Each structure stands twice: as structure tokens, then as C-alpha cells.
Amino acid sequence: MSNIETFPASIEMKPNPTITVFERSPDGGRGLARDMPVRWALEEVGQPYHVRRLSFEAMKEASHLACQPFGQIPSYEQGDLILFESGAIVLHIAQNHAGLLPEDELRRARTIAWMFAALNTIEPPVLNFGTTWLFERDEPWHEARLARVKEQLLKRLDELSAWFGEREWLEGSFSAADILMICVLRRLESSGILKGYGNLSAYVERGKARPAFKRAYDAQLAVFTEASKN
């Protein structure tokens with residue numbers, strides 16, 4: 001029996017997607033750029049992909065703005081489909097490949113809700129804290145603002161940690177929601193804040209231990225390393 005698979009002529013094979021990434025990543029190759037969750041999702045489902053590297057100048061050119069209206073990364077192109085926003089791209093990948101969304105309808109809906117929670121509820125105070133802590137230190141109001149944004153952040157982390165408890169993943173098995181949530185929480189690693197939440201720290205480490213995460217991280221790091229040589 002032949003081991004070569006054949007497909008009906010009516011089935012059109014989709015081309016591999018192309019994502020845009022920083023030509024020189026500003027995060028120093030730490031896997032914090034917005035293409036990281038997209039790379040991770042693609043690695044989890046075994047979907048090969050192409051990468052187009054963009055300079056900061058190229059990100060503002062009309063050709064890229066046609067794909068990403070805000071001049072950011074990543075964008076996602078696959079045939080006639082063009083997407084932007086990392087969360088939307090991860091959701092699209094999860095909806096079109098098995099393994100990142102539960103089959104059960106109720107758990108699937110809750111998983112998608114957690115995807116929104118990661119980006120809409122947890123990430124804003126994380127980014128506010130990071131911006132104040134790292135980039136506003138010389139401002140006269142820095143100390144007061146830092147205390148305020150840290151209080152807001154800790155409130156959200158308290159709530160997330162209390163709900164998460166001893167769970168392994170957000171909704172039973174590993175999912176697209178975990179990709180987004182772990183990528184958001186990783187932004188706190190350098191501050192040491194996550195050390196106060198043992199269950200969340202362990203959760204992040206479980207995600208980082210996944211082979212697909214490591215492949216995505218290494219791929220993003222390779223772009224930074226190569227750019228640093230030039």
C-alpha cells in the first residue's frame with residue numbers, strides 16, 4: 001500500500017502563514033515582543049510559518065499599514081486572509097487547528113473568555129506598572145504614581161491567584177488562553193512581583209517548560225541575536 005496521501009481536487013491546501021516581527025527586537029531577545037504568543041500557538045499546533053522582519057521605519061510604510069493599521073507587529077497573512085492583533089491571531093489559529101480550544105462547547109466559551117481576560121483585565125495594569133517602573137523614574141510624580149499602579153496590579157493578581165488556586169491550567173487542559181495569560185504574566189518576571197504568588201509563578205514555569213514555548217522563544221531570540229551581529 002502506498003504511503004503517499006492524495007486529496008480530492010476540490011480541497012485547496014492553504015499556504016503557510018507569514019507573520020511580521022521586529023527586525024531588531026527592543027526586548028533584548030527575552031521573548032516579550034508581540035509575535036511571541038503567535039509563534040507559540042503556531043508551534044503548539046505544528047503549523048509551519050514564514051517570518052518577515054521589519055525595521056521601525058518599514059512598520060510605518062503604506063505596505064505594512066495595509067496589513068496592520070497601527071504600524072505594529074505582528075500581522076498575519078495566509079492567502080487572502082490578513083489579520084492583526086496578537087490575541088485575534090492566536091484565536092484564529094486555535095479555531096482552525098485542533099489542540100488549543102476544548103471540544104466541549106461550555107469550556108470552549110470559557111477558554112475564549114479567559115483569552116479576553118488576559119489581554120483586557122490582566123495586561124493593562126501589568127503594562128501600566130511596567131511603564132511607570134521602568135520609564136518614568138525621573139518624573140517628580142513617579143513615586144506616588146508607582147504606588148498607585150502597583151496597588152491596582154496587585155489587586156488583579158490577588159484575584160487571579162485566588163481563582164487559579166491549585167489548577168494546572170486555566171480551563172482543564174492547556175489552551176490558547178494559557179498562551180496569552182502566560183505571555184502577559186512573563187512581563188512581570190524582571191520586577192520580582194510574581195514571586196509573591198507561588199501558584200502563578202509555577203504556572204508560568206509550566207508554560208515555559210513546554211517544548212513549543214522553547215521553540216518559539218529560540219526562534220525569536222535568533223532574530224535578535226542575528227540582528228545584533230550586524
Side-chain angles (χ1 to χ4, degrees), residues 27 30-41 43-45 74 85-95 99-136 144-214 216-217 220:
D27 75 344
R30 292 186 295 134
L32 300 179
R34 298 286 183 175
D35 58 298
M36 181 63 189
V38 175
R39 288 179 183 270
W40 188 0
E43 293 287 355
E44 287 284 353
V45 301
E85 293 296 330
S86 56
I89 296 169
V90 170
L91 178 58
H92 171 76
I93 294 167
Q95 289 176 324
L100 290 180
L101 287 177
E103 293 293 332
D104 177 76
E105 183 178 353
L106 296 181
R107 283 185 54 226
R108 188 182 184 94
R110 283 182 57 83
T111 297
I112 294 173
W114 275 112
M115 295 177 71
F116 279 83
L119 299 179
N120 291 352
T121 303
I122 303 300
E123 187 172 56
V126 169
L127 293 181
N128 284 342
F129 173 79
T131 298
T132 304
W133 182 54
L134 292 173
F135 303 116
E136 298 175 347
R145 173 164 167 76
L146 183 63
R148 187 161 59 250
V149 298
K150 185 175 182 179
E151 180 182 3
Q152 295 167 346
L153 170 61
L154 294 180
K155 178 178 184 297
R156 288 302 185 212
L157 293 177
D158 286 346
E159 293 166 342
L160 177 62
S161 178
W163 181 89
F164 196 84
E166 300 303 315
R167 289 175 170 84
E168 182 178 18
W169 308 110
L170 286 170
E171 283 293 333
S173 58
F174 179 83
S175 71
D178 297 299
I179 290 177
L180 294 179
M181 186 66 79
I182 289 169
C183 284
V184 168
L185 293 176
R186 285 193 64 239
R187 294 182 178 276
L188 294 171
E189 287 185 311
S190 61
S191 71
I193 284 180
L194 272 187
K195 294 179 180 178
Y197 299 89
N199 59 347
L200 298 184
S201 294
Y203 169 53
V204 170
E205 292 303 314
R206 279 194 296 276
K208 290 164 59 178
R210 294 180 68 85
F213 174 91
K214 294 179 179 179
Y217 183 93
Q220 195 183 71

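Bear in mind that the values here come from a model prediction, so they are computed numbers and not experimental data. Atoms considered below: every heavy atom in the structure, side chains included; atoms not considered: hydrogens, waters and symmetry mates. Along the sequence shown, the residues carry numbers beginning at 1.
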Please report the interatomic distance CG(Leu106) to CD(Glu171), rounded to the nearest 0.5 Å. 10.0 Å

Do the side chains of Ile179 and Phe174 get nearer than 4.5 Å, heavy atoms only? yes

Is it the case that more than 12 heavy atoms not belonging to Gln95 sit under 6.0 Å from its CD atom? yes

Kindly give the heavy-atom pair with the smallest separation between Pro125 and Arg156, and that separation in Å. CG-CG, 3.9 Å

Would you check if the side chain of Asn199 reaches a backbone N or O of Arg167 as a donor-acceptor pair within less than 3.5 Å? no

Just to verify, which of Asn128, Leu188, Asp158 counts as forming a side-chain contact (heavy atoms from CB on, under 4.5 Å) with Leu153? Leu188

Residue pair Gly87 / Met115: nearest heavy atoms and the distance that separates them: O-CE, 4.1 Å

How far apart are the C-alpha atoms of Arg108 and Glu105, what are their side-chain angles, what is the distance that settles it, and do they pass the salt bridge (Lys or Arg N to Asp or Glu O under 4.0 Å) test? CA-CA 5 Å; Arg108 188 182 184 94; Glu105 183 178 353; over 6 Å; no

What is the minimum heavy-atom distance between Trp40 and Cys183, and which atoms define it? CE3-SG, 3.8 Å

Taken to the nearest 0.5 Å, the spacing of Glu205 CD from Phe213 CZ works out to 9.0 Å

Give me the ring orientation class for Trp169 and Tyr203: parallel if the planes are under 30° apart, tilted from 30 to 60°, perpendicular past 60°. perpendicular

Taking the side chain as everything from C-beta on, heavy atoms only, tell me whether Gln152 gets closer than 4.5 Å to Val149. yes

Could you state the interatomic distance from CG (Leu160) to CG (Leu200), rounded to the nearest 0.5 Å? 5.0 Å

Could you walk me through whether Glu43 and Arg210 pass the salt bridge (Lys or Arg N to Asp or Glu O under 4.0 Å) check? CA-CA 10 Å; Glu43 293 287 355; Arg210 294 180 68 85; over 6 Å; no

Heavy-atom nearest pair, Leu170 first then Met181, reads CD1-CB, 4.0 Å

Before you tell me yes or no, could you show the steps for Lys155 and Glu151 under salt bridge (Lys or Arg N to Asp or Glu O under 4.0 Å), namely the whole-Å CA-CA distance, both residues' side-chain angles and the distance that decides it to 0.1 Å? CA-CA 6 Å; Lys155 178 178 184 297; Glu151 180 182 3; over 6 Å; no

Give a yes or no answer on whether the side chain of Arg206 reaches the backbone of Glu168 with a donor-acceptor pair at less than 3.5 Å. yes

List the atom of Leu101, the atom of Ala94, and the distance in Å for their closest heavy-atom pair. CG-CB, 3.7 Å

Quick one: OG on Ser191 to CZ on Phe129, what's the gap to the nearest 0.5 Å? 5.0 Å

NZ/Lys195: more than 12 non-hydrogen atoms of other groups inside 6.0 Å: no

Step by step, would you call Arg30 with Glu189 a side chain to side chain contact (heavy atoms under 4.5 Å, CB included)? CA-CA 11 Å; Arg30 292 186 295 134; Glu189 287 185 311; over 6 Å; no

Side chain to side chain contact (heavy atoms under 4.5 Å, CB included) between Leu100 and Thr111: does it pass, once the steps are laid out? CA-CA 9 Å; Leu100 290 180; Thr111 297; over 6 Å; no

Arg107 CZ to Ser175 OG distance, which is reported to the nearest 0.5 Å: 8.0 Å

How are the rings of Trp114 and Trp163 set relative to one another: parallel (under 30°), tilted (30 to 60°) or perpendicular (over 60°)? tilted

Give the minimum heavy-atom separation between Val184 and Glu123, together with the two atoms involved. CG1-CA, 3.7 Å

How long is the gap from OH on Tyr197 to CG on Leu154, to the nearest 0.5 Å? 4.5 Å

Within the side chain of Arg186, is there an N or O that forms a donor-acceptor pair under 3.5 Å with the backbone of Val204? no

